[in-house]
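All of these numbers come straight from a predicted model, not from anything done at the bench. So you know, we letter chains A, B, ... as the sequences are listed, proteins then strands, and number each from 1.
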Amino acid sequence: MDFENDLNPAQHQAVTAAGGPILVIAGAGSGKTRTIVYRLARLVQQGVDPASILLLTFTRKAAQEMLSRASLLLGHGGDILPGVCGGTFHAFAYAALRRHHQALGFPQGFTVIDRADADELIGRIKDDLGLGKGDKSFPKKTHVAELIGKSRNKECRVADIISRESFHLLPHADDLERLADGYAAAKAAHHLMDYDDLLFLLERLLVEHEDVREFYRQRFTHIMVDEYQDTNRVQARLITLLAPHTGNVMAVGDDAQSIYAFRGATVDNILAFPRLFPGTAIIKLEQNYRSTQPILELTNAILQNAGEKYDKTLFSTRTDGPKPELLRPFSDITQARMAVAKIREMARKWPLHEIAVLFRAGYQSYALEVELGKANIPFQKYGGIKFSEAAHIKDVLAYPRVVANPLDPAAWTRCLSTVPKVGPKTAHKLMEAVRLGDQAAIDKAAHKHPQLAGLFAFLDALRAMPPQPGPILERVIAHHTPHLMEKYPDDYPRRLTGLEQLQQIASGYSSLDALLADMTLESPDEDKRKAREDHLVLSTVHSSKGLEWSAVLLLDLVDERFPSRHALTRDEDLEEERRLLYVACTRARDYLGLCVPETLYNRQAGVCSPVQASLFVRELPASLCTMVRESLSGRPVPQSDSPAFAPPRPLSGSAAAPPSGPIPACEPANPKTDPSLLGYCRHKVFGRGKIIARLEGGKCRVNFPGFGPKVILADYLEMEG
DNA sequence: AGGGCGACGCTTTTT
DNA sequence: GCGTCGCCCT
């Protein structure tokens, strides 16, 4: 290892810093991973036992990547550095809780439930409490689950979350609190834990059991935490519990890339770190090795318009390269066509896996996925539906779940639903009968549903087997295949392949509990299952965190989509959207294309309505990108002189761009119709409000405090200021 | 009580 | 394009 030559001075300092707390502020593309990898390798080289290193990352994939790169540096070949404990906070918490579950009053262990299971449980409690019956204003179970999750992650009452961001639900605040309590009680009664419980229970374990705390403090003498800007409060407390104040803790993060505030992450953790760990060495990595200078100029400009100032300006040694392109398809429908043309063009220069298409939300790639299918371009989608979330996988895993935890309601419902004429209601009654040992009720039900006896016999047989995942899954799949064929007559072959993959995965585990927990905590790697072919990457911006590509295309950069329209009312939400765009653009090494459709297809009306370019795009100086319009043939046509962002025009307009200056420089001729003005206004009935969008036909969407968003003709509004 | 069917509404991001 | 809800029949 050549530390002097492989690292720049700041990286070198971070890698070779002696023990004690270290905070590394690592700008996008500044060699953060390289720094962590080299430090890992150096620690091991200096004789630190790998087993005493704890590496906490955002995904297990990231941990594995770092460990295998460090192994390579140490000359261990591609093998993962043996002994190092690496993974997510949640996976680490699960392992610790499993080891010490008796101490917490879970003598028989517990089951980790995912979001869908939690939703279902909440739905049942909602029904039990008789909430929302015939009341359309009562939130749906998924929304309730979201509120409860938020309140726990932000560590405040459900009522506080409601009054801060969903004030229309205030009338239901008391009922929602009751629902949250009921949910917590049901989890305890059935030995279930959701994602949040894992963290809070680990905290309780470490606080209440000094011996356990000391065990971990002695076991892990070196702790490294990646993506520290996206940790929440309980995660920060866990670090202080795991490490003494003078401990060897290295936190790495970038406040400008914080994109998980919505689930309780707080950049305050970065600011507070030096206070919690006195004597922290603070090291900043600012040189960018990833992107060309023109791309960095654009990303720097995005941050410059942020309300909160980030004291960083990335600089690159890569001065070459084209400016980012601003692609203007006619609509979000033709955007897919234009993107495919662009991807074809780029595929001449780079392999497909070096090209990525990013978007704000999963559904925004549907149209593109269809076009890619037509064009025969292979792709892999990140951040979409996960392997373990597919219905048939969950169905099959339900059997071993019942074996592992006979109180798991979601698992029982799935198993019992394979019996004809048994649905959620009967399943619940039966589960209660099993729990209470009510043999009479079971016999009665077995008489009514003849196939029930077979299912119970099968489950008993499973319980009698040694708890080895491989053989158990083999039997379960054999048992379940007829049901699968019945349930999915059209595509059961595809799903059967998925089950075979599951069988493969399962045989790699020695403990059933570990398999089940991993399936809910961390879905298996996509690329392990897919043939190693060259494919384009589609991803949500959130899932693209920490990754990079030679070429990046960004879809739907229009108001209401990016920033998401849910983020328009609160300032801090809008700021998070800005950082999200920053993360997206800093993924690109050589080429960055921003797609700004001129219209959006409106399904109800069946027409394309003009939209504005995203607020963030409108703010950018026109000189930072090149504009490319879609020609009528669908091929991209570069514009000779690139006026920045034309106001939206109807499709009927000529294909040639009307002469128009950049919006930022637009003169405010008529404040009522000027589409760039999104300030405050007054309305005779609703009072003061904030204009959040300009619509066609001289209308605006205005958010009135106390009334919510309304669409109003601009003529009825009086502009303020 | 289950299951099929049509209407509706909504659609952020993830461990 | 999806899940969810209510209605109606079995």
Separation of atom [atom1] in [X] from atom [atom2] in [N], rounded to whole Å:
X	N	atom1	atom2	result
A:Arg233	B:dT15	CZ	C1'	19 Å
A:Gln257	B:dT14	CD	P	16 Å
A:Gln364	B:dT11	CD	C1'	10 Å
A:Tyr582	B:dT13	OH	C1'	19 Å
A:Glu560	B:dT11	CD	P	13 Å

### Query
Would you call A:Phe262 stacked on B:dT13, i.e. ring centres under 5.5 Å apart with the planes less than 30° off parallel?
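Yes; centroid distance and tilt both under limits.
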### Query
Can A:His542 be said to stack with the base of B:dT14, given centres closer than 5.5 angstrom and planes under 30 degrees apart?
no
### Query
Mapping A:Pro420 and A:Arg263 to their closest nucleotides on DNA chain B, which lands nearer the 5' end?
A:Pro420
### Message
Reading DNA chain B from 5' onward, which residue's closest nucleotide shows up sooner: A:Phe58 or A:Ser564?
### Response
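Nearer the 5' end of the strand: A:Ser564.
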### Query
Would you say A:Pro610 and A:Leu600 make side-chain contact, with heavy atoms under 4.5 Å?
no
### Query
Between residues 118-129 of chain A and DNA chain B, which residues have a heavy-atom gap below 4.0 Å?
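The stretch gives none, as no residue of it lies under 4.0 Å from the strand.
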### Message
Taking only the C1' atom of each, what is the distance from C:dT4 to B:dT13 in whole angstrom?
### Response
22 Å
### Message
By the salt bridge (charged side-chain N to carboxylate O under 4.0 Å, His left out) test, which pairs, at least two apart or in different chains, include something from residues 116-128 of chain A?
### Response
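Those involving residues 116-128 of chain A are A:Arg115-A:Asp119, A:Asp117-A:Lys394, A:Asp117-A:Arg401.
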Give a yes/no answer on whether the side chain of [X] brings an N or O atom under 4.0 Å of OP1 or OP2 in [N].
X	N	result
A:Ser543	B:dT14	yes
A:Thr426	B:dG2	yes
A:Thr540	B:dT14	yes

Would you tabulate the side-chain donor-acceptor contacts of residues 364-373 of chain A under 3.5 Å, counting partners in other chains and residues two or more places apart, or write 'none'?
| from | atom 1 | to | atom 2 | distance (Å) |
| --- | --- | --- | --- | --- |
| A:Gln364 | OE1 | A:Arg360 | N | 3.0 |
| A:Gln364 | OE1 | A:Ala361 | N | 3.2 |
| A:Ser365 | OG | A:Gly362 | O | 3.3 |
| A:Ser365 | OG | A:Glu369 | OE2 | 2.5 |
| A:Ser365 | OG | A:Lys381 | NZ | 3.0 |
| A:Glu369 | OE2 | A:Lys381 | NZ | 2.9 |
| A:Glu371 | OE2 | A:Lys374 | NZ | 3.1 |

